[in-house]
Amino acid sequence: KTPVPSSWIDYASNWLTQHIKNTDFRYKDKMPHPVADPYVWDESFLVNYQRLDDEHVVLFKALQDLSEKPDDVDLLNYNRDMFRDHFDYEEKQFMACGEPCQADAHKKKH
């Protein structure tokens, strides 16, 4: 049994895929609401887990900064480190829930 209804897990899986830049283009233009291009943080991206929401704000900014200065090695390294740390933490949360949260499928999206 999952801690939340499976419909919420499906929604979260689809949401995350759409909102993480360049991950799975099968979802492109299929969200039920407009998605800015380039991605700019707004409240529609909230997942209602404070740590993840706070990290997502930083990640959006980091990606935007890198898109404006793609040759900046320091920004590239910063993005790499921030995304790696974020994905490691997020994957651990999914893995703790296990298969009911589709942990393996979520990890593959990263």
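If you read the sequence from its start, that first residue is 1, and numbering goes on from there.
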- Residues Asp54, Arg51; criterion salt bridge (charged side-chain N to carboxylate O under 4.0 Å, His left out); working and verdict: CA-CA 5 Å; Asp54 292 345; Arg51 177 175 172 167; over 6 Å; no
- Message: Apply side-chain contact (heavy atoms from CB on, under 4.5 Å) to residues Leu59 and Leu63 and explain how you reach the verdict.
- Response: CA-CA 6 Å; Leu59 295 174; Leu63 270 178; 5.9 Å; no
- Query: Trp41 vs Phe60 aromatic rings, parallel, tilted or perpendicular, using cut-offs 30° and 60°?
  - Reply: perpendicular
- Would you check, one step at a time, whether the test side-chain contact (heavy atoms from CB on, under 4.5 Å) holds for Glu90 with His56? CA-CA 11 Å; Glu90 191 175 275; His56 289 157; 3.6 Å; yes
- What is the minimum heavy-atom distance between Asp53 and Asn48, and which atoms define it? OD2-N, 3.0 Å
When rounded to the nearest 0.5 angstrom, what distance separates [atom1] in [X] from [atom2] in [Y]?
X	Y	atom1	atom2	result
Lys61	Leu66	NZ	CG	11.5 Å
Gln93	Glu91	CD	CD	11.0 Å
Lys69	Gln64	NZ	CD	12.0 Å
Asp65	Leu75	CG	CG	6.0 Å
Leu76	Asp81	CG	CG	9.5 Å

- Going only through I, L, V, M, F, W and Y residues with side-chain contacts under 4.5 Å, is there a path from Tyr49 to Tyr89? yes
- Test item: Tyr78 and Asp72 side chains (from C-beta on) under 4.5 Å apart, heavy atoms: no
